Structures are given as C-alpha cells and as structure tokens.
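Residue numbering restarts at 1 for every chain, and letters A, B, ... go by the order of the sequence lines. Note that this is a predicted model, so its numbers are computed, not measured.
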Amino acid sequence: MRLLLLLPTVTYRTVAFVEAARRLGVELTVASERPSTFEHANPAGLVTLDFTDPTRAAAQARAFARELPVHGVVGVDDDTAVIAAVVAEELGLRGNSVAAAAAARDKYQQRVLLAKAGVAVPRVECYPIASDSQELARHAPYPCVLKPLRLSASRGVIRADDAREFVAAFRRLKAMLEEPEVASCGEWARHLLVEEFIPGREVAVEGLVTEGRLRVLAIFDKPDPLDGPFFEETIYVTPSRLTPAAHQEITACTQATVTALGLRDGPIHAEIRYNDEGGWLIELAARPIGGRCSGALRFGAGVSLEEIVIRHALGMELPSLEREGQASGVMMIPVPRGGVLRHVRGVEEARAVPLVDAVEITAHPGQTLVPWPEGARYPGFIFAKGDTPEGVEAALRAAHGRLEFVIG
Amino acid sequence: MTPADIRITAEPIDNGRCKFLVSEPLHAGGVRRFASPDEAQGSPLAEAIFAIPGADVAEVIVSGNLVTVVKRSPAAWQAVGKAVGHAIRGALAGPGPAIAPKAEAPASGGMDDALYERVADLFERQVNPMVARHGGRVELIDVQDAVVMVRMAGGCQGCGMADVTLRQGIEAMLHQHVPEVKGIVDITDHAAGSSPYFAAAKK
C-alpha cells in the first residue's frame with residue numbers, strides 16, 4: 001500500500017512520520033511544496049505539490065497516482081490538512097470533505113459554523129486590517145483577543161483589556177499580517193478577528209475521527225495560565241487532572257465541533273477552555289498535535305500517534321488506542337528573549353532530572369529566536385513521564401530551570 | 001577526569017533509536033557497529049549496553065564521541081538512556097579501551113571493502129552533487145556488515161528534511177545501485193547543525 005505523506009519543508013514532523021511509515025512497511029511517497037534534490041532519482045518516493053493551490057495540488061497528485069496508485073493521504077499540519085482533503089476527494093481516498101477541512105482551517109468560518117450549530121464558542125467579529133482601530137476599540141468586548149485567521153502556534157494572538165491595548169494590539173498584528181511572507185498567503189491575511197476572552201483552564205484534546213465519530217486519544221492539561229497578553233504555549237500533561245464530569249463535557253464539546261464542521265475521517269487537535277459554564281471550543285484543527293509534542297503519546301505496546309494516523313488513513317487495522325498507563329508531559333520551551341542563539345547550557349543537567357525522558361533542542365546555533373506574538377518557533381522540547389501528572393509537571397519545570405540559553 | 005565530569009547528551013530520534021553525545025572520545029578508530037551481544041565481546045561499552053535489562057538492544061554504533069543505540073523494547077528512553085549513560089561512564093573509567101579496535105575479518109571485511117568502494121563512488125558521482133544544491137554534504141563513514149554509516153554536514157546537518165533525504169533519497173539510491181547494502185545509519189549530530197537548509201517551525 002502506498003501512502004502519500006504531505007510534509008511541508010519546515011515541519012518538525014518529518015522523522016516521526018517517515019519512521020512510522022517505515023515501521024509499518026508501507027510504500028511511502030513524500031510530497032513537499034519545494035522539490036527534493038533527489039526527486040528525479042526517486043520519482044516514486046518524492047513528488048512536489050503546490051501547497052498554495054489545493055486544486056493544482058490535487059491535479060498533480062492525480063497525475064502521480066496515474067503512474068503509481070495511492071491508497072492513503074496524510075497531511076501533517078494546518079495547510080496540508082486541507083490539501084490532503086482535496087487530494088482524498090480527487091483520488092477517492094479516506095479523509096475529510098474539502099468543505100469540512102477548509103472550515104476547520106479558517107478560524108472565522110469555524111466559529112460561525114459552530115455558533116450556528118449551538119457549540120459554545122467565543123463571540124467573534126472579523127474586520128479588514130485596513131479598518132480604523134480607534135473606532136473598533138470603542139465597541140470591542142473587553143477583555144478581548146485579537147488574532148489572525150490562520151497563523152499557527154498562537155502566533156499573532158494578543159489580549160486587550162481596554163481601548164489603548166486594543167489599538168496597540170491591532171497595530172502589532174496588522175504589521176505581522178503585512179509582512180511579505182504572510183501578506184502573500186491570500187485574502188485571509190487582510191483580515192483579523194476580535195473575539196471575547198473566555199476565562200478558564202485550557203486543555204488540548206487529541207482525537208481520531210472515524211466516519212464522523214470521535215475517539216478521544218488524550219486530554220492534556222495546560223497548567224500554565226493562558227491569560228495573555230500573549231499565548232505562547234508551554235506545558236502539556238496527560239492525563240488531565242480535571243474531573244471525569246469535566247472530561248465528559250470536553251469530549252461532548254469536541255464531538256459537537258467535529259459534527260458541526262462535518263469532519264469525517266482523520267486526526268483532530270482541539271483547544272478547549274473549561275469553566276463554570278462548561279467547555280468552550282477555542283479552536284479545532286483537522287490534524288494531529290504539532291511540533292514534537294506527539295512524542296509524549298504512546299499507545300498500547302508503544303505505538304506512536306503517527307503510526308495510528310497512517311494506519312487509519314490506509315484503512316489498516318488499528319492497534320489498541322489506549323494510552324500507556326503512565327502520566328506523560330511535554331514542555332514547549334519558551335523563547336527566553338529575542339536574539340541570536342549562541343549556545344544552550346545545562347542540557348545534560350536538565351536530562352538528569354528524575355522522570356525526564358528527553359530534552360531536544362531544535363533551535364540551531366546562529367538561529368534568531370523571536371518571542372511571541374511575532375514568533376512561532378520553540379527552541380526545543382522537554383519530555384517527562386511518571387506515575388502522576390503532578391510529578392511530570394514538576395519534572396518539566398525543574399528541567400527547564402536548569403537550561404540556560406546564551407543569546408547574543 | 002572522574003565519571004561525574006563526563007557530560008552526556010541524549011538525542012532520541014524516535015522510540016527505537018537514540019544518539020548519545022559524550023564529552024570524551026570513546027573510539028578513535030573510525031566507526032564500530034555491533035549488531036549482537038556476540039559481536040560486542042571485547043568492547044566493554046557495547047557489552048554493557050547490550051546487557052541493559054529490558055531494553056532489548058538491537059544495535060550499538062560508536063564513532064568518536066557519539067554512541068547510537070537501537071532498541072526493540074517499547075521502554076522509554078528515560079530509563080534506558082540513564083542506563084546507557086551509566087554504561088558509558090563505566091566503560092570510560094575502565095582500565096582498557098571502551099571499544100576494541102576493529103578486528104580483521106577477511107570474509108565479510110573484504111565484502112564490506114568492496115561495498116565501500118561502490119558506495120563511495122555513488123556518493124561522489126550522484127549523492128553529493130545532489131545535496132550540494134542545498135548546501136549539503138554527506139560523508140561516507142564506513143560500511144560494516146553491509147550497513148552504510150553516513151554523517152551529514154552543511155545544509156543537511158539539522159535540516160528539517162534530513163530524514164527524507166536519508167530515506168527517500170540516499171537509501172533509495174543505494175537500493176537501486178548497490179542492492180547488497182542492507183541498511184543505512186545516520187550518525188550525524190543534527191543538533192549541532194548551524195546552517196540547516198530547512199529549519200522547522202511548529203504548525
């Protein structure tokens with residue numbers, strides 16, 4: 001069986017997905033938006049698709065599949081989740097409808113659809129970036145959050161508590177959306193969202209949808225308060241320490257979202273706020289968890305999330321979807337400050353912290369680190385496992401405390 | 001130098017493979033690969049790693065100050081990695097070399113030498129001109145028991161697509177042009193790459 005794996009060249013997910021495909025023994029074709037220098041040497045294993053134009057990408061995939069039948073397609077991030085849906089529809093493969101994937105990709109469209117379906121979502125308005133920010137500030141619901149329609153990893157998401165902060169946040173986000181690399185991405189970059197801030201604890205839900213039915217694979221607590229003004233993520237720990245009743249509400253909220261968007265088949269990753277009123281859907285993406293964070297998840301006898309996603313896409317039998325018994329967590333290491341990374345000290349000391357499984361520094365020496373909200377690249381990841389979520393969280397914090405980023 | 005002074009950094013590649021960067025050199029005589037406890041006999045470091053309880057180690061590769069461990073067990077690197085660190089410190093503190101020099105093995109050694117020549121030729125004529133377009137370079141380190149060991153440099157070192165280059169590019173070409181090759185192992189310290197062609201961002 002041949003898998004078409006849509007891998008953007010800037011993804012963290014390469015090793016996890018490529019090695020999972022190898023373990024499963026499937027024939028693998030990696031599709032990227034820029035050609036590999038080996039594409040002519042291995043035309044069965046490498047192909048270039050236009051990730052900026054789903055219709056063109058589908059035609060390119062169709063041409064490829066005429067020569068070599070494709071049995072499944074997997075996208076690994078927000079953009080390629082939409083491309084995967086278009087390719088799946090074109091080739092008659094398992095996946096989401098294009099409309100559902102597109103709705104999940106666009107934060108405004110997603111909220112409108114969910115609100116109509118009765119899913120609890122923040123009230124939101126969409127404005128052109130050419131709008132008069134002073135005028136908008138007079139009518140904004142405070143506290144509120146300004147965010148782009150599509151950027152990932154909480155990039156550009158800023159809280160404002162009053163008109164002065166609103167205007168400053170608007171200018172800052174507008175400047176980001178006007179950067180050439182973003183502005184060229186499409187009409188969405190000429191708009192921004194203003195939505196009410198929902199207080200409460202935030203969790204992430206990792207799930208697998210089969211014929212519209214959600215199977216929750218893990219609920220992660222995010223123990224660091226995400227109250228702004230920026231929303232850089234840090235620690236994820238599973239199992240969640242919320243009550244079973246809260247888990248049920250969160251699961252129901254996620255399933256309602258899947259149903260409202262019309263998602264049918266594939267992985268989902270949702271961000272949900274939970275407070276006295278129940279679960280509030282903040283965002284749902286039709287893709288697995290990002291970054292290196294999937295390393296915190298193992299199922300059954302050590303099966304990775306990527307293996308499950310690939311098996312599902314190819315219609316292969318699924319192994320146990322029960323997460324391993326231990327508590328597990330990951331810390332996306334925050335950017336300490338902007339500047340050029342010279343060196344990271346204390347990696348071994350961090351790794352020596354009891355319960356710490358791995359410390360992966362993904363930023364390279366000489367890389368410019370950019371803090372949130374403009375930034376979107378974590379300098380690394382820390383993983384820990386233990387008997388309790390509390391112990392895992394403490395280990396992640398202790399390990400982080402031993403790292404020193406030397407920035408020039 | 002006491003065992004406590006030795007610094008070891010673990011870099012898991014996936015649940016089955018992990019690289020360990022050691023502050024002290026472990027083996028100066030090129031690359032040594034051990035695919036079984038029997039092959040590890042005489043090399044205290046490899047013997048100790050194969051003996052880690054519950055790890056079911058399948059392979060140990062040592063080059064300079066880098067140790068790559070491949071295991072079959074689903075056990076987390078959290079536990080196995082610490083045992084590997086203990087083994088490294090113990091081997092370095094021992095009276096003899098941590099890794100024995102490569103023994104002459106006329107039969108398989110001759111075959112590996114012949115494969116080395118063919119692989120080196122493939123690298124020179126095709127692989128390196130291809131990766132050079134992205135500022136990269138792939139160094140053939142050794143061929144042992146028909147397994148090719150490579151180190152990536154330049155734009156390939158730390159590149160987000162390095163594994164695609166390795167598996168879909170180099171390994172596929174080896175299968176096509178040198179089908180006797182049984183596998184390929186990347187012993188690159190990717191974390192030290194300072195100019196990766198593609199740098200990753202969370203999506």
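- If you measure heavy-atom distances from A:A44 to chain B, you find no contacts under 4.5 Å at all.
- Contacts of A:A301 with chain B are made by backbone atoms alone, with heavy-atom separations under 4.5 Å and no side-chain atom involved.
- For A:S304, no part lies near chain B; criterion is any non-hydrogen pair under 4.5 Å.
- For the pair A:E348 (side chain) and B:T9 (backbone), a donor-acceptor distance under 3.5 Å is absent.
- For B:D121, the CG atom is densely surrounded, since the number of other residues' heavy atoms within 6.0 Å is greater than 12.
- Heavy-atom contacts from other residues, nucleotides or ligands closer than 6.0 Å to NE2 of B:H177 number more than 12.
- Ranked by heavy-atom pairs under 4.5 Å with chain A, the first of B:A172, B:C159, B:G158, B:A10 is B:A10.
- Using a 4.5 Å heavy-atom cutoff, the side chains of B:M161 and A:S32 are in contact.
- Looking at A:L355, the atoms closer than 4.5 Å to chain B (heavy atoms on both sides) sit in the backbone and in the side chain alike.
- At a 4.5 Å heavy-atom cutoff, A:L151 makes no contact with chain B through either its backbone or its side chain.
- Interface residue A:R298: only side-chain heavy atoms are found under 4.5 Å from chain B.
- We find the CE-OG distance between B:M130 and A:S36 to be 9.0 Å, quoted to the nearest 0.5 Å.
- Residue B:V80 does not touch chain A at all, counting heavy-atom pairs closer than 4.5 Å.
- Contacts between A:V359 and chain B at a heavy-atom distance below 4.5 Å involve the backbone alone (N, CA, C, O).
- In this structure, the portion of A:P35 lying under 4.5 Å from any heavy atom of chain B is its backbone and not its side chain.
- In this structure, A:N42 contributes its side chain and B:G169 its backbone to no donor-acceptor pair below 3.5 Å.
- Note: A:A41 leads A:A41, A:A16, A:A358 in heavy-atom pairs under 4.5 Å with chain B.
- Within 6.0 Å of the CZ atom in A:R402, the count of heavy atoms belonging to other residues, nucleotides or ligands exceeds 12.
- Among A:V347, A:T80, A:L46, the residue making the largest number of heavy-atom pairs under 4.5 Å with chain B is A:L46.
- Among A:H40, A:Q326, A:E360, A:R351, the residue with the largest count of heavy-atom pairs under 4.5 Å with chain B is A:R351.
- Top candidate by heavy-atom pairs under 4.5 Å with chain B, chosen from A:E39, A:R34, A:R23, is A:R34.
- Using a 4.5 Å cut-off between heavy atoms, B:L166 makes no contact with chain A at all.
- Within a 6.0 Å radius of CD in A:E404, more than 12 heavy atoms belonging to other residues, nucleotides or ligands are found.
- Contacts with chain B were tallied for A:G366, A:P365, A:G302, A:G375; A:P365 has the most, counting heavy-atom pairs under 4.5 Å.
- Neither the backbone nor the side chain of B:Q126 comes within contact range of chain A; no heavy atom of the residue lies under 4.5 Å from a heavy atom of that chain.
- Of the listed residues (A:I361, A:L28, A:L7, A:T362), the greatest number of heavy-atom pairs within a distance under 4.5 Å of chain B belongs to A:L28.
- Between chain A and the options B:S73, B:G81, B:G85, the largest number of non-hydrogen pairs under 4.5 Å is found for B:G81.
- Of the inter-residue distances, the one linking A:H364 atom NE2 with B:Q157 atom CD reads 11.0 Å to the nearest 0.5 angstrom.
- Only the side chain of A:E349 comes within less than 4.5 Å of a heavy atom in chain B; its backbone stays farther off.
- In this structure, the side chains of A:F38 and B:I170 come closer than 4.5 Å at one or more pairs of heavy atoms.
- Heavy-atom distances place the side chain of B:M173, and not its backbone, under 4.5 Å from chain A.
- Of the possible polar contacts, one joining the A:T14 side chain to the B:G160 backbone as a donor-acceptor pair under 3.5 Å is found.
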| message | Is there a side chain to side chain contact (heavy atoms under 4.5 Å, CB included) between B:R17 and A:E19? Walk through the geometry before answering. | response | CA-CA 10 Å; B:R17 295 180 300 157; A:E19 297 303 319; 3.3 Å; yes

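- Between the OG1 atom of A:T9 and the OH atom of B:Y197 there is a distance of 9.0 Å, given to the nearest 0.5 Å.
- Using a 4.5 Å cut-off between heavy atoms, A:V30 touches chain B through backbone and side chain atoms alike.
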